[in-house]
Amino acid sequence: MSLAVLGRALRHATITNKSIPSLSSLRFYGTEDSRIATMVQNNKVVVFMKGVPAEPRCGFSNAVVQILRMHGVEYDAHDVLSDEKLRQGIKDFSNWPTIPQVFINGEFVGGCDILLQMHQSGDLIEELRKAGISSALLEAASKEKSDSGKSDPK
């Protein structure tokens, strides 16, 4: 068992005011935790969702897909409906009870409601920028602004 897995379990126990898990549960948690940690690190943006981007199987997953599409974000998507261990494992990994779940730069951002709030407030553009991703919405707004500043020679 790695120190990172043990540290995560101890932080989780402290944050949630729960007792420290038994060694046997740490081993199982650690195995799934390691698999999910690898998935989360494979791309700058990773989404755990119901269905796939081309065919989301719930409205919340569809909303996340639409928001990321508007920003022109390329991302890895994992269908939790096709893997029950992944479905439960991602909830344990993030300590978040619902799907979809969005990770940016390996960090858990939140679910549909949080991503929608970030999109509406403009905070998502900043989070994407921190990850080295330029939002298509920001690029479109910049282009529109620069085009409107040009005079029309007649």
Side-chain angles (χ1 to χ4, degrees), residues 1-140:
M1 178 185 337
S2 74
L3 289 176
V5 171
L6 182 56
R8 175 167 278 190
L10 291 172
R11 282 192 306 279
H12 175 74
T14 303
I15 291 168
T16 59
N17 293 322
K18 294 182 180 176
S19 62
I20 297 174
S22 67
L23 185 58
S24 61
S25 68
L26 277 177
R27 284 189 181 133
F28 172 77
Y29 177 74
T31 301
E32 195 63 22
D33 186 59
S34 176
R35 178 173 85 119
I36 292 170
T38 300
M39 295 168 123
V40 165
Q41 296 300 322
N42 278 341
N43 200 337
K44 290 181 179 182
V45 179
V46 180
V47 178
F48 295 86
M49 61 182 287
K50 293 179 181 177
V52 295
E55 294 181 29
R57 295 190 53 200
C58 88
F60 299 113
S61 291
N62 185 46
V64 166
V65 167
Q66 296 304 319
I67 290 167
L68 293 176
R69 185 173 293 148
M70 282 189 278
H71 287 272
V73 175
E74 292 182 20
Y75 58 96
D76 285 346
H78 300 281
D79 180 8
V80 300
L81 296 178
S82 66
D83 183 343
E84 186 57 38
K85 282 186 178 180
L86 179 61
R87 186 176 187 170
Q88 186 55 49
I90 191 60
K91 293 175 185 180
D92 294 339
F93 181 83
S94 64
N95 196 28
W96 190 262
T98 60
I99 305 293
Q101 294 189 14
V102 179
F103 291 77
I104 299 177
N105 255 0
E107 296 293 322
F108 177 61
V109 172
C112 176
D113 54 344
I114 292 173
L115 198 69
L116 180 58
Q117 288 173 356
M118 291 176 71
H119 166 69
Q120 291 170 338
S121 70
D123 291 343
L124 182 56
I125 290 172
E126 179 59 21
E127 283 303 308
L128 292 171
R129 187 195 63 73
K130 288 178 189 175
I133 300 169
S134 181
S135 168
L137 290 178
L138 184 60
E139 290 173 3

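Bear in mind the structure is a predicted one, so any value in this text is a computation, not a measurement.
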Task: Beyond-backbone contact of Met49 with Val64, side-chain heavy atoms, under 4.5 angstrom - done: no

Task: Distance in Å, Arg129 CZ paired with Ser135 OG, rounded so as to fall on 0.5 Å steps - done: 12.5 Å

TODO: Take His71 and Leu124, measure what side chain to side chain contact (heavy atoms under 4.5 Å, CB included) needs, and give me the verdict at the end.
DONE: CA-CA 9 Å; His71 287 272; Leu124 182 56; 3.7 Å; yes

Open item on the list: Give me the atom names and distance for the closest heavy-atom approach of Pro53 to Arg69.
Closed with: O-NH2, 4.0 Å

Task: Over all atoms of both residues, closest heavy-atom pair of Val47 and Tyr75 - done: CG2-CD1, 3.7 Å

Task: For the student: nearest non-hydrogen atoms of Ile104 and Ala131, plus distance - done: CG2-CB, 3.7 Å

TODO: Determine yes or no for a side-chain-to-main-chain donor-acceptor pair under 3.5 angstrom, with Asp79 supplying the side chain and Gly51 the backbone.
DONE: yes

Task: Set of salt bridge (charged side-chain N to carboxylate O under 4.0 Å, His left out) partners for Lys91, sequence neighbours left out - done: none

Task: Approximate separation, where rounding is to 0.5 Å, of Leu86 CG and Glu32 CD - done: 6.5 Å

Task: Name of the residue among Val109, Ile90, Leu115 meeting side-chain contact (heavy atoms from CB on, under 4.5 Å) with Gln101 - done: Ile90

- [ ] Working to the nearest 0.5 Å, report the span between CZ of Phe103 and CZ of Phe93.
- [x] 5.5 Å

Task: Minimal non-hydrogen separation, Gln41 against Gly106, with atom names - done: NE2-CA, 3.5 Å

TODO: Give a yes or no on whether Glu84 atom CD has more than 12 heavy-atom contacts from other residues, nucleotides or ligands under 6.0 Å away.
DONE: yes

Task: Student check: side-chain heavy atoms of Arg87 and Lys50 closer than 4.5 Å - done: yes

- [ ] Measure across Leu137 and His119 and return the closest heavy-atom pair with its distance rounded to 0.1 Å.
- [x] CD1-CE1, 3.6 Å

- [ ] With rounding to the nearest 0.5 Å, note down the distance linking CD1 in Ile99 to SG in Cys112.
- [x] 12.5 Å

TODO: Taking the side chain as every heavy atom from C-beta outward, state whether Arg57 and Leu81 have any atom pair closer than 4.5 Å.
DONE: yes

Task: Donor-acceptor contact below 3.5 Å, side chain Thr38 vs main chain Ser34 - done: yes

TODO: Taking the side chain as every heavy atom from C-beta outward, state whether Val46 and Phe108 have any pair of such atoms under 4.5 Å apart.
DONE: no

Open item on the list: Using 0.5 Å steps for rounding, measure from the CG atom of Asp76 to the CG atom of Asn43.
Closed with: 4.0 Å

Task: Glu55, CD atom: more than 12 neighbouring heavy atoms under 6.0 Å - done: no

- [ ] Compare all side-chain heavy atoms of Glu127 with those of Met118 and state whether any distance is below 4.5 angstrom.
- [x] yes

Task: Derivation and outcome, side chain to side chain contact (heavy atoms under 4.5 Å, CB included), residues Phe48 and Met39 - done: CA-CA 10 Å; Phe48 295 86; Met39 295 168 123; 4.0 Å; yes

TODO: Determine, step by step, whether Asp92 and Asp33 satisfy the side chain to side chain contact (heavy atoms under 4.5 Å, CB included) criterion, reporting the C-alpha distance in whole Å, the side-chain angles of both residues, the deciding distance to 0.1 Å, and the verdict.
DONE: CA-CA 8 Å; Asp92 294 339; Asp33 186 59; over 6 Å; no

Open item on the list: I'd like to know if the side chain of Ser61 reaches the main chain of Cys58, judged simply by a donor and an acceptor atom lying under 3.5 Å from each other, with no hydrogens or angles considered.
Closed with: no

Task: Arg35 and Asp83 ion-paired at < 4.0 Å - done: yes

Open item on the list: Surrounding CD of Gln88 (heavy atoms of other residues, nucleotides or ligands, distance under 6.0 Å), is the total greater than 12?
Closed with: yes

Task: Least distance between heavy atoms, Trp96 atom then Gly111 atom - done: NE1-N, 4.0 Å

